Every structure is written in C-alpha cells, then in structure tokens.
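Taking it in order: structure first as structure tokens, then the write-up.
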Number of protein chains: 2
Amino acid sequence: MTQAWDKTLRARGYRVTPQRQLVLAAVTKLEHATPEEIWADVQQTASGVNISTIYRALELLEQLGLVTHTHLGHGAPSYHLAADAEHVHLVCSECGRITEVPPEAVAPLVSALERNHGFQTDVGHLTVFGRCESCQADAPASGPGPTA
Amino acid sequence: MTQAWDKTLRARGYRVTPQRQLVLAAVTKLEHATPEEIWADVQQTASGVNISTIYRALELLEQLGLVTHTHLGHGAPSYHLAADAEHVHLVCSECGRITEVPPEAVAPLVSALERNHGFQTDVGHLTVFGRCESCQADAPASGPGPTA
DNA sequence: TTTAGTGCAAACACTTTGCAAAGTA
DNA sequence: TACTTTGCAAAGTGTTTGCACTAAA
C-alpha cells in the first residue's frame, strides 16, 4: 500500500501531479519539516516549483489525511506523514532541541482529559514546551524571578 | 504586592511608563489575549499607543517573568499573567473552543516526562489540541479516511 | 540632563489569492 | 477537450527594526 495515495487522489477527483508526489516524498523523507524546507527539498529535483504550490499541496495532503502538522514554536509549522507512528514533540525553550517521544508517554494525560473533560486529544498534534535534560544540567533551575 | 512590578522594573534600570502599565493592566483584565486584542484594550485609554509598543512591552514583561504566552493554534500568540494560576489550554480543532483545565490534569504527564526523559515541562505553555465534548457529540468519530 | 521608551514608517517572515498558461485525465 | 493545477506576482497577516522625538529618572 505504498502508493495507494494516488488512487485516493484520483478517486476524489484530484490529479496526481509531479509536484504533489515530490511534496509527499519530501515530507516522507524529512520527517518533520517546514514548508520552506520541503520546498528546498522539492527544488533539488524540480527547481521550478513555486512555494505557493508547496502550500497548496500540503493543504490538500493534510485534508486527505496523508500528512499532518504541528507547531513547534513560534515560526513555521512542521509537517510529517500521518502514517508515521504518532509521536509527541518535546521542545526545549532554551536550546530549541526537539525530542520525539512515543505516545505512551502521554497516555495518562489522554485518558485523564477524556475522563474528566470529555476531551479527545489529538496526540499527533501535541507539543510540550519546557527544558531538556542538558539545559537543566547547564543552569540548574533559576526561574524568572529577580536575578540579583 | 499588587504593584511590586514597578519596583522590579526600576531596579533593573527599566522605566515605568503609562504604556507598560496599560499593557499589564490589559493582560490582567483580558486573561488571555493576543497582542492585537491587548492593543485594542490599551487604546480605549490611550488611543495614540502604537502596536509596536505593545509588542515591546509584552516582550519586556515576559522577560521579567510577569507575563507568559502560549500558542493557541496557528495565529497570534495568547498572553496572560504569569502570576495567574497556571492552567492548560484545551483547544478544539473543530469549533475553536478553548477550555482551561487545572494543571493537576496533566500532572501524570509532567511526572512521566520528567522521569522517563528528564524533561521539565512548562505547564503554563502547554496547549492540547483535539476535539471537545460537544463536537464529538455532533459528529461521532469519523477520522480522515475515505468518506464514501 | 541623561538615557530609555515611544511613534512612525518601512522592512520582514510566513501564507494566501487571482489569474492566465500548462498539464492531467 | 474539459477541467484541475501550476507559476507568478501581488496582497495579507503578524511581528520586528531604525530613527528622530519624547519623557522618565
């Protein structure tokens, strides 16, 4: 079922174009990348592709459930294959480092929210900000209180 | 200690200006608001204040640890008082509804991440995307698979 | 008076849109 | 051929920056 997606496209009246194939290939290869990174990757094969095409392709692929995105901070969103094992991102606010952890890590959260708030968590979209292990080691808890 | 913040400012060589006071007041009052919403509120008192001043004030207040922000989706970030009880935001991807839940709800997650990944979660910055109770009721689980 | 802060306008980063030309089915 | 998709360029958000002027200390 590696190539099933093009049938999905055609079945819904969409066309299979090289641009869309390249975008999907880039998302697959880069694992998590911003539209611009995807664009750069696509351009290595087809240099004429426009960034707006990347956005349109991502929107379509997302709508078809082939890819998803997460916000890993302030800037551009990060896209990855929906088929990839879902995972949660831990983003270190200090060094920017991104760690992926398996969804089991958040299972207790998911069930607690479901149970207490009737909320169905989109685990693949979850990003947790904080401080990573090494940054804590570098500067043990300081908090934002008055320094001096 | 309601007004302690102006001492904090002066102690660090920053000045206490009406603009900053108004921004802090707006953040306090609005609970969670985007820079533009804060701007609108500030303008009700001082119509001449420029949006760039809002951004600069927010940056400063955040740096001082008086306010924090979270990303409640794609658009602009949402600011709130750091002193406010920390809370987690649940954002419904379908209707956009925002629910606040107490940090206890995510305590199991926090300790699991700490334990297994040495990661120190910034709870106040945490936003969970998913589907709220009422949207689930409206359209029971459909997933993005082929519809027909 | 001295130095930080503000308003203004221009520059930026990221994304979306209109439209004619090109390409898929 | 018929209709979708693309490239291009321009317009849109949201945010930042340079600089002369204003104001806090």
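Worth saying up front: this structure is predicted, and the values here are computed from it rather than measured. In what follows, every chain begins at residue 1, and chains take the letters A, B, ... in the order their sequences are listed.
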Not counting sequence neighbours, which residues clear ring-ring contact (aromatic ring centres under 6.0 Å, His included) with A:His87? List them please. A:His80, A:His89
B:Tyr79 OH - D:dT15 C1' separation (whole Å): 10 Å
Could you state the atom-to-atom distance from CD of A:Glu37 to P of C:dA13 in whole Å? 15 Å
The side chain of B:Ala76 lies closest to which of these nucleotides: C:dG5, C:dT15, D:dT15? D:dT15
Just checking, is any N or O donor in the side chain of B:Thr8 or B:Arg12 under 3.5 Å from an acceptor N or O on the other one? no
Under 4.0 Å between any heavy atoms, over every strand shown, what does B:Gly48 touch: base, sugar-phosphate, or nothing? Just pick one. sugar-phosphate
If you assign B:Thr53 and B:Gly13 each to the DNA chain C nucleotide with the nearest heavy atom, which residue ends up on the more 5' nucleotide? B:Gly13
What is the distance, to the nearest angstrom, from the CD1 atom on A:Ile54 to the P atom on C:dT16? 13 Å
Does B:Tyr55 have a side-chain nitrogen or oxygen under 4.0 Å from the phosphate oxygens OP1 or OP2 of D:dT15? yes
Once salt bridge (Lys or Arg N to Asp or Glu O under 4.0 Å) is applied, do any residues pair with B:Asp41, and if so which ones, sequence neighbours excluded? B:Lys29
Expressed in angstrom and rounded to an integer, what is the separation of A:Gln43 atom CD from D:dC8 atom P? 10 Å
Spacing of B:Ile51 atom CD1 relative to D:dT15 atom C1', expressed in whole Å: 9 Å
Any sub-3.5 Å donor-acceptor pair from A:Glu62's side-chain atoms to A:His69's backbone N or O? yes
From the options C:dT15, C:dC14, D:dT15, select the nucleotide whose nearest atom is closest to the side chain of A:Glu36. C:dC14
Whole-Å distance, B:Asn50 CG to D:dT22 P, equals 16 Å
Counting only side-chain nitrogens and oxygens, does A:Arg15 get under 4.0 Å of the OP1 or OP2 atom of D:dC3? no
In whole angstroms, the gap separating P of D:dT16 from CG of B:Leu60 amounts to 14 Å
Closer than 4.0 Å, any side-chain N/O of B:Arg56 to the OP1 or OP2 of D:dT16? no
Run the side-chain contact (heavy atoms from CB on, under 4.5 Å) check on A:Leu81 and A:Leu24 step by step: do they pass? CA-CA 8 Å; A:Leu81 278 191; A:Leu24 187 56; 3.7 Å; yes
Rounding to 10°, can you tell me the angle the first-five-pair axis of the helix from C:dT1-D:dA25 to C:dA25-D:dT1 makes with its last-five-pair axis? 30°
Closer than 3.5 angstrom, by distance alone: can the side chain of B:Glu37 be matched with the main-chain N or O of B:Thr34 as a donor-acceptor pair? yes
In whole Å, what is the span from the CG atom of A:Leu22 to the C1' atom of D:dT6? 13 Å
So does A:Glu36 have more than 12 non-hydrogen atoms from other groups sitting under 6.0 Å from CD? no
Would you indicate which nucleotide in C:dG5, C:dT6, D:dT15 comes nearest to any side-chain atom of B:Tyr14? C:dG5
When you measure from the side-chain N and O atoms of A:Gln19 to the phosphate of D:dG7, is any distance below 4.0 Å, counting only OP1 and OP2? yes
Pair A:Arg10-A:Val16, side-chain contact (heavy atoms from CB on, under 4.5 Å): steps then yes or no: CA-CA 7 Å; A:Arg10 270 186 280 256; A:Val16 176; 3.8 Å; yes
Would you say A:Thr17 places a side-chain N or O within less than 4.0 Å of OP1 or OP2 belonging to C:dG23? no
Please work out if B:Ser52 contacts a base, only the sugar-phosphate, or nothing of the nucleic acid, heavy-atom cut-off 4.0 Å. base
